[in-house]
Amino acid sequence: MVFQEYLVEEFSAANFSFAPSVSGTSYLQRVRHLFAEMDSVAQQFALYVRDGELDRDLLSVGSKPVAFKDLPSLLDGKYIYPKEDSDIGGILHALFSDQSSLTYINDDLQDDNAAMLLARHDVAYIAFHDYQKPSIDHLIRLGVLENTGARVQLANVEQFLILNALFTTQAASYYRLSLAGQAEVDAMIGKGWATRRSSLLTEAEGKYFNYFLNAQEFSNGPELRNKYIHGSQANTEGEDAHFHTYLIALRMTLALVIKINDDFVLAATNRAAQERPR
């Protein structure tokens with residue numbers, strides 16, 4: 001029992017609850033129940049973050065959709081994001097986009113993106129075409145690449161991992177990085193490339209939840225939570241359609257629980273590190 005036992009035993013977080021669906025009920029009933037429980041879990045966690053404990057008397061589960069993108073975190077500055085109007089946009093495009101001008105030199109020196117080209121091949125500076133060298137020079141000046149003489153290579157592994165995360169998932173988890181990685185993030189923030197914000201879900205994850213569940217951000221989403229909670233779902237497709245929605249609801253509930261657990265684990269680890277004698 002994750003909520004009634006695990007959170008209490010591991011993190012002394014009491015009073016959380018989750019009621020699973022009753023076996024034998026229809027998938028229509030299971031979906032409605034699961035969406036209600038998902039809302040409840042989100043609201044329980046938000047109250048816990050706000051107050052440092054969960055008072056059941058303050059918990060009120062209503063029909064208003066949860067703003068998943070606004071769910072708080074136990075950690076300050078949990079996620080790193082690329083900062084708009086800075087050098088990082090050009091860096092991410094040059095290194096990771098398949099539309100970058102640096103992905104192809106010749107038939108023997110090409111890859112999916114510039115970062116993989118430089119990581120998998122020994123590419124000397126002289127091998128780049130004249131039209132490519134200004135971009136290479138710019139990345140070298142920024143400290144993203146370095147020219148050893150024998151080859152042009154990524155200057156910093158930690159920096160590369162952070163940049164790759166910012167491109168592929170639009171965010172990176174600060175507290176999942178090594179101390180060297182966190183120092184690199186701090187340096188990137190100092191350069192004006194990145195910023196840190198705190199929330200349970202990344203901005204992209206929050207949009208993913210809102211797209212499927214409600215109409216807070218998207219007008220073309222399925223609005224599954226809203227339709228089932230309010231009883232306005234279509235019944236024309238029968239139980240198979242409700243089963244499909246149940247799988248989506250189950251997947252998103254599990255994702256939410258995993259993110260909550262991750263927040264508890266990282267907060268406990270960070271707290272222990274701060275309390276450790278230096």
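Residues: numbered from 1 along the sequence shown. What you see is a predicted model, and the numbers here were worked out from it, not measured in a lab. Every heavy atom of this structure was used, including side-chain atoms; hydrogens, water molecules and symmetry mates were not.
Residues Leu34 and Phe18 meet the side-chain proximity criterion, which asks for heavy atoms closer than 4.5 Å. In this structure, Lys207 and Phe218 have side chains that are in contact, with non-hydrogen atoms separated by less than 4.5 Å. By the 4.5 Å heavy-atom criterion applied to side chains, Leu163 and Phe96 are counted as neighbours. A heavy-atom distance below 4.5 Å is found between the side chains of Arg251 and Phe212. For the pair Asn261 and Val2, the minimum side-chain heavy-atom distance is 4.5 Å or more. With a 4.5 Å cut-off on side-chain heavy atoms, Leu117 and Tyr104 do not count as touching. By the 4.5 Å heavy-atom criterion applied to side chains, Arg50 and Pro72 are not counted as neighbours. Side chains of Trp193 and Gln159 form a contact here, defined as non-hydrogen atoms less than 4.5 Å apart.
Taken from NZ in Lys78 to CG in Leu266, the straight-line distance is 6.0 Å, to the nearest 0.5 Å. Distance check, rounded to the nearest 0.5 Å: CD1 of Ile140 to CD of Gln153 gives 10.5 Å. Expressed to the nearest 0.5 Å, how far CD of Glu239 lies from OH of Tyr27 amounts to 7.5 Å. Rounding to the nearest 0.5 Å places CD of Gln29 at 9.5 Å from OG of Ser21. Rounding to the nearest 0.5 Å places CG of Leu7 at 10.5 Å from OG of Ser12. Atoms CD and CG, on Gln43 and Leu54 in that order, are 11.0 Å from each other to the nearest 0.5 Å.
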Test side-chain contact (heavy atoms from CB on, under 4.5 Å) applied to Asp70 and Gln216, step by step: CA-CA 12 Å; Asp70 297 328; Gln216 291 184 359; 5.9 Å; no
Check against ring-ring contact (aromatic ring centres under 6.0 Å, His included), Phe16 and Phe11: CA-CA 12 Å; Phe16 279 82; Phe11 310 110; over 10 Å; no
Evaluation steps, side-chain contact (heavy atoms from CB on, under 4.5 Å), between Tyr228 and Leu28: CA-CA 8 Å; Tyr228 275 84; Leu28 171 59; 3.7 Å; yes
Worked check of side-chain contact (heavy atoms from CB on, under 4.5 Å) between Thr253 and Glu37: CA-CA 9 Å; Thr253 301; Glu37 288 300 303; over 6 Å; no
Step-by-step side-chain contact (heavy atoms from CB on, under 4.5 Å) determination, Phe264 to Phe45: CA-CA 10 Å; Phe264 272 113; Phe45 184 74; 3.8 Å; yes
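Between Lys83 and Ile88, the shortest heavy-atom contact is O-CG2, 3.6 Å. In terms of heavy atoms, Leu201 sits closest to Glu205 at CA-OE1, 3.5 Å. Gly181 and Ile162 get closest at one heavy-atom pair: O-CD1, 3.5 Å. Scanning both residues, Gln182 and Leu177, for their nearest heavy atoms gives NE2-O, 3.6 Å. For the residue pair Leu139 and Ile91, the shortest heavy atom distance occurs at CD2-CG1, 4.1 Å. A pairwise comparison of heavy atoms in Met252 and Met38 identifies CB-CE, 3.9 Å as the closest pair.
In terms of modelled atom types and a separation under 3.5 Å, the side chain of Arg196 and the main chain of Asp76 share a donor-acceptor contact. With hydrogens and angles ignored, the 3.5 Å screen pairs a side-chain donor or acceptor of Gln110 with a backbone N or O of Asp107. With hydrogens and angles disregarded, no donor-acceptor distance shorter than 3.5 Å links the side chain of Asp111 to the backbone of Asn113. Checking side-chain atoms of Ser100 against main-chain N and O of Thr103 turns up no donor-acceptor pair under 3.5 Å. Remark: side-chain polar atoms of Tyr79 are paired, donor with acceptor, to backbone N or O of Leu200 under 3.5 angstrom. His33 contributes a side-chain N or O that, together with a main-chain N or O of Ala19, makes up a donor-acceptor pair within less than 3.5 Å. Arg56 places a side-chain N or O within 3.5 Å of a backbone atom of Asn15 that can act as its donor or acceptor partner. Under a 3.5 Å cut-off, the side chain of Arg225 and the backbone N or O of Leu213 do not form any donor-acceptor pair. The backbone N or O of His121 sits less than 3.5 Å from a side-chain atom of Arg151, completing a donor-acceptor pair.
No more than 12 heavy atoms of other residues, nucleotides or ligands shown are found within 6.0 angstrom of NE2 on His244. Heavy-atom neighbours of Asp85 CG from other residues, nucleotides or ligands within 6.0 Å: at or below the threshold of 12.
Transitive grouping of hydrophobic side chains (ILVMFWY, heavy atoms separated by less than 4.5 Å) brings Tyr6 and Leu254 into a common cluster. Leu179 is not connected to Leu75 by any chain of hydrophobic side-chain contacts under 4.5 Å among Ile, Leu, Val, Met, Phe, Trp and Tyr, and they are in different clusters. Cluster membership check: Tyr208 shares its hydrophobic cluster with Val41, using side-chain heavy-atom separations under 4.5 Å among Ile, Leu, Val, Met, Phe, Trp and Tyr. Cluster membership check: Tyr174 does not share its hydrophobic cluster with Ile260, using side-chain heavy-atom separations under 4.5 Å among Ile, Leu, Val, Met, Phe, Trp and Tyr. Taking hydrophobic clusters as Ile, Leu, Val, Met, Phe, Trp and Tyr residues chained together by side-chain heavy-atom distances below 4.5 Å, Val49 does not share a cluster with Val8.
Thr202 and Gln170 form no side-chain donor-acceptor contact under 3.5 Å, judged by distance and modelled atom types alone. No donor-acceptor contact under 3.5 angstrom links the side chains of Asn214 and Tyr211, judged on distance only. Residues Asp137 and Tyr125 bring a donor and an acceptor atom of their side chains to less than 3.5 Å of each other.
Salt-bridge formation is not detected for the pair Lys191/Asp87: no Lys NZ or Arg NE/NH1/NH2 atom is positioned less than 4.0 Å from an Asp or Glu carboxylate oxygen.
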